[in-house]
Amino acid sequence: MFEHYFTYWSDLPLDSGYDIFGTVHLIWLVGITIAIILCAAKYRQWPPAVQSRVLKTLAVIMLAMEAYREIVLTVTGHMEFENLPLHLCGLAIFVEVLFAFFPNTFLGEFTCVACLPGAASALIFPDWLRYPTINYMNLHGFIMHGILVLFPILVLLSGKCVPNIRHIYMPALFFAVSAPILHRLNVLWGSNFMFLNRPSNGSPFETVYEMYGYGGYLAVFGVTVFAVILAMYGVIGGIRSMTGCCR
């Protein structure tokens, strides 16, 4: 069972992974969804001081998990530039950690309207399914992204951040600054941070890339990201209006 626990994808047998939306993938998605619902229900019962400690605890867990991943990659000789935490979800770890200890509007907006859908998308279209179930990269992928989804949901439930569409310039500014830098790094080092140079394996954008090339892919990808952020503001605002949640 643990034979390939520390094995990197390039050293695995070809049939080691499993299919997207296959039984194993769906079990992970259902399990993570149930865990988030149970945690959110319990979280709402706690006073603000306890809620703050929970967010800080999740932040420490995320940092420890990311440090563990980097250490394992380094010790096994597979630490590459591509494995630095510079994808959206890697950056989301540090954004959410900073918010847990130094909450402010900018970090809160980005956490709720960008990190949340980004991490959810990664769970739906994971690029780590090449690994067997009992492998540290597979376990890290699902558990870390599950926490990255849970964290902003708890932030919204506590009212520590109330996203307002008037603040849409905040996540837009984040991407406007980070995207050109990461794109340049991708060109120089052959990486693909934030999937700015090619789509993630198994994502719907692969078809766009094949049909319209890089320019078409980048345009559709950018518009989709902006549309998702707009949708998040709409959904959060609608839920708040109907239920009084996230007040």
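In what follows, residues are counted from 1 in the order of the sequence shown.
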Margin query: Run I153 and L116 through side-chain contact (heavy atoms from CB on, under 4.5 Å) and show every step you take.
Written below: CA-CA 8 Å; I153 289 176; L116 173 53; 4.2 Å; yes
Keeping the roles fixed (side chain from [X], backbone from [Y]), state whether a donor-acceptor pair exists under 3.5 Å.
X: E109; Y: N164; answer: yes
X: T224; Y: V220; answer: yes
X: N192; Y: N197; answer: yes
X: T33; Y: L29; answer: yes
X: N83; Y: L73; answer: no

Would you kindly confirm whether [X] and [Y] end up in one hydrophobic cluster when ILVMFWY residues are joined by side chain heavy atoms under 4.5 Å apart?
X: V30; Y: M144; value: no
X: V60; Y: V149; value: yes
X: F102; Y: F110; value: yes
X: F81; Y: V75; value: no
X: F101; Y: V50; value: yes

Does the plane of the ring in [X] sit parallel, tilted or perpendicular to the ring in [Y]? Use 30° and 60° as the thresholds.
X: Y18; Y: F142; result: parallel
X: F106; Y: F174; result: tilted
X: Y43; Y: W46; result: perpendicular

Margin query: Using the rule given for side-chain contact (heavy atoms from CB on, under 4.5 Å), can you reason through N104 versus L107, listing the C-alpha separation, both sets of side-chain angles and the distance that settles it, and then say yes or no?
Written below: CA-CA 6 Å; N104 61 67; L107 295 174; 3.2 Å; yes
Flag the pair [X] / [Y] as yes when at least one side-chain heavy-atom distance between them is below 4.5 Å, and no otherwise.
X: F221; Y: P199; result: no
X: R184; Y: V187; result: yes
X: M79; Y: L84; result: yes
X: D127; Y: F195; result: yes
X: C161; Y: T105; result: no
X: K160; Y: L55; result: yes
X: R44; Y: L154; result: no

Notebook entry, point to check: What are the two closest heavy atoms between V72 and F6, and how far apart are they?
Noted result: CG1-CD2, 3.6 Å
Next item on the list: Tell me, with the steps shown, if R198 and Y214 meet side-chain contact (heavy atoms from CB on, under 4.5 Å).
Entry: CA-CA 7 Å; R198 58 187 180 276; Y214 176 69; over 6 Å; no
Does the gap between the ring centers of [X] and [Y] come in under 6.0 Å?
X: H25; Y: F21; answer: yes
X: Y233; Y: H167; answer: no
X: F94; Y: F99; answer: no
X: H145; Y: W28; answer: no

Check: Stepwise, does the ring-ring contact (aromatic ring centres under 6.0 Å, His included) test hold for W9 with H4?
Finding: CA-CA 10 Å; W9 70 269; H4 295 298; over 10 Å; no
Rounded distance [0.5 Å steps], [atom1] in [X] versus [atom2] in [Y]:
X: T74; Y: E80; atom1: OG1; atom2: CD; value: 11.0 Å
X: L58; Y: C39; atom1: CG; atom2: SG; value: 8.0 Å
X: F175; Y: M194; atom1: CZ; atom2: CE; value: 5.5 Å
X: L196; Y: I181; atom1: CG; atom2: CD1; value: 11.5 Å
X: L91; Y: F193; atom1: CG; atom2: CZ; value: 9.0 Å
X: E82; Y: L185; atom1: CD; atom2: CG; value: 11.0 Å

Margin query: Take a 6.0 Å sphere around OH of Y212 and say whether it holds more than 12 heavy atoms from other residues, nucleotides or ligands.
Written below: no
Item checked: Side chains of N186 and S191, donor plus acceptor under 3.5 Å -> yes
Check: Strictly by modelled atom types, are N138 and Y5 linked by a side-chain donor-acceptor pair under 3.5 Å?
Finding: no
Check: Checking side chain to side chain donor-acceptor pair (under 3.5 Å) for the pair N135/Y8: CA distance, chi angles, key distance, verdict?
Finding: CA-CA 9 Å; N135 179 281; Y8 195 59; over 6 Å; no
Next item on the list: Give the C-alpha distance, both sets of side-chain angles, the deciding distance and a yes or no for side-chain contact (heavy atoms from CB on, under 4.5 Å) between I165 and L230.
Entry: CA-CA 8 Å; I165 197 167; L230 277 177; 3.9 Å; yes
